[in-house]
Amino acid sequence: MPGLATPLIDWYRDAARDLPWRREGFGAWGTLVSEFMLQQTPVNRVIPHLEAWLTRWPTPADLATSPPGDAVTQWANLGYPRRALWLHRAAVEIRDRHDGVVPRDVDALLALTGIGDYTARAVAVFAYGDRHPVVDTNTRRVLARAVEGRAQPGPPHRRDLERMDAELPADVAEAAVVNAAAMELGAIVCTARAPRCEACPLAAQCAWRAAGYPPSEDRRRKQATYEGSDRQARGAVLKTLRDAAPEAVPLFAVLPDWPDAAQRDRAIDSLVADGLAEAADEQLRLPGHPAS
Ligand code: SF4
């Protein structure tokens with residue numbers, strides 16, 4: 001099996017999208033913020049929020065001095081707002097432990113709130129130019145198909161890092177390009193539902209294609225629908241708090257017409273438990289704003 005590196009590098013040179021975090025001098029803080037935002041939100045929704053975020057908080061220390069509730073407000077409708085709180089905590093840690101400079105060392109990055117295997121290595125590779133395997137969902141799918149002949153990857157596993165590492169050239173700069181190219185290929189060509197094999201630089205060597213596209217054995221449950229879900233209720237409560245911030249909202253005025261009162265109460269309790277909201281004196285507010 002020929003390696004993936006050369007065809008990926010050649011393809012990426014022409015096909016890579018022009019995205020803000022790929023531009024020269026974007027910086028480690030910008031890379032870190034973008035990776036937090038991209039964890040569960042599509043690129044086109046992230047870009048305007050990312051620019052606004054970095055304009056407001058151009059350094060970790062700038063964010064660290066704002067109340068965490070401001071981060072939740074600025075996060076707006078990006079979804080999974082715990083990421084805003086984690087990013088705020090990470091900014092405080094970077095200010096307090098690393099003199100305000102995003103660390104370069106993978107273990108130091110992993111020690112920050114909200115940062116896992118993917119984000120730590122993405123920052124070390126894309127912001128600092130070091131050589132590590134960077135493996136996201138898209139990369140895992142490309143490896144599963146092109147190398148292993150399977151339609152979908154299994155659950156994430158540490159082996160994924162070893163598999164990707166085996167594909168990286170020794171040259172540090174080329175290794176970074178292969179990491180980026182594998183992710184890009186999975187995002188725009190080897191997509192989950194409709195891979196465009198005719199446009200794929202790995203078509204000639206793809207094991208899944210050569211095997212005649214055997215179907216996936218992965219029968220994991222599809223993601224639950226959003227409409228009517230607890231997640232929707234949490235989002236609606238948070239929107240109420242964001243709209244009122246920095247003022248608190250009386251508990252009786254939080255979603256008084258929500259169709260399922262027990263679900264609304266559950267949403268409020270879980271937001272408080274997660275630190276995304278604070279309850280006191282029969283009022284609810286975003287965290288970090290002084291009581292009025
Ligand atoms: S040939 Fe098709 S299935 Fe194989 S890696 Fe390329 S796009 Fe994915």
Side-chain angles (χ1 to χ4, degrees), residues 1-22 31 34-35 37-47 116-122 124-126 130-223:
M1 165 75 57
L4 309 183
T6 302
L8 281 177
I9 291 171
D10 290 346
W11 170 80
Y12 188 73
R13 197 176 298 124
D14 297 326
R17 291 168 293 174
D18 177 25
L19 299 173
W21 44 91
R22 292 183 179 157
T31 303
S34 70
E35 294 296 353
M37 291 184 170
L38 289 163
Q39 276 166 18
Q40 270 150 325
T41 308
V43 164
N44 55 354
R45 282 184 53 209
V46 162
I47 289 174
D117 275 333
Y118 166 75
T119 303
R121 287 170 177 78
V125 169
F126 301 131
D130 292 340
R131 186 185 181 284
H132 301 282
V134 183
V135 179
D136 74 347
T137 307
N138 290 319
T139 299
R140 293 174 61 247
R141 187 169 54 254
V142 169
L143 290 175
R145 290 176 176 171
V147 179
E148 297 165 6
R150 295 189 290 129
Q152 300 293 342
H157 194 280
R158 284 205 73 77
R159 271 196 309 271
D160 299 334
L161 290 173
E162 291 159 24
R163 286 199 186 105
M164 190 59 192
D165 198 44
E167 299 293 339
L168 297 183
D171 182 88
V172 176
E174 285 189 350
V177 175
V178 172
N179 276 314
M183 286 164 51
E184 186 76 339
L185 190 74
I188 65 176
V189 174
C190 191
T191 57
R193 297 220 174 124
R196 296 188 296 115
C197 303
E198 71 288 350
C200 178
L202 307 179
Q205 66 192 82
C206 174
W208 188 48
R209 183 167 184 254
Y213 303 110
S216 172
E217 294 161 4
D218 187 351
R219 303 198 196 288
R220 277 177 292 171
R221 255 182 339 123
K222 287 204 173 83
Q223 195 175 12

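All heavy atoms count here, side chains included; hydrogens, waters and symmetry mates do not. Indexing begins at 1, ligand by ligand and atom by atom, following the structure's order.
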Peer 1: Are any non-hydrogen side-chain atoms of Met183 and Tyr118 less than 4.5 angstrom apart?
Peer 2: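 In short, these two side chains touch, coming nearer than 4.5 Å.
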Peer 1: Run Asp18 and Arg22 through salt bridge (Lys or Arg N to Asp or Glu O under 4.0 Å) and show every step you take.
Peer 2: CA-CA 7 Å; Asp18 177 25; Arg22 292 183 179 157; over 6 Å; no
Peer 1: Are side-chain heavy atoms of Tyr213 and Pro195 found at a separation under 4.5 Å?
Peer 2: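 Result no, sub-4.5 Å side-chain heavy-atom pair not found.
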Peer 1: Do Leu202 and Leu8 come close enough that some side-chain heavy atom pair is under 4.5 Å?
Peer 2: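 Leu202 vs Leu8: side chains touch.
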Peer 1: May I ask you to list the protein N, O or S atoms found at less than 2.8 Å from atom 4 (Fe) of ligand 1?
Peer 2: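 Near atom 4 (Fe) of ligand 1, below 2.8 Å, one finds Cys206 SG.
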Peer 1: Evaluate the side-chain proximity of Leu161 to Arg121: yes if any heavy-atom separation is below 4.5 Å, no if none is.
Peer 2: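 In short, these two side chains touch, coming nearer than 4.5 Å.
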Peer 1: Among Arg158, Arg159, Arg131, find the one that has a salt bridge (charged side-chain N to carboxylate O under 4.0 Å, His left out) with Asp165.
Peer 2: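 The passing option is Arg131.
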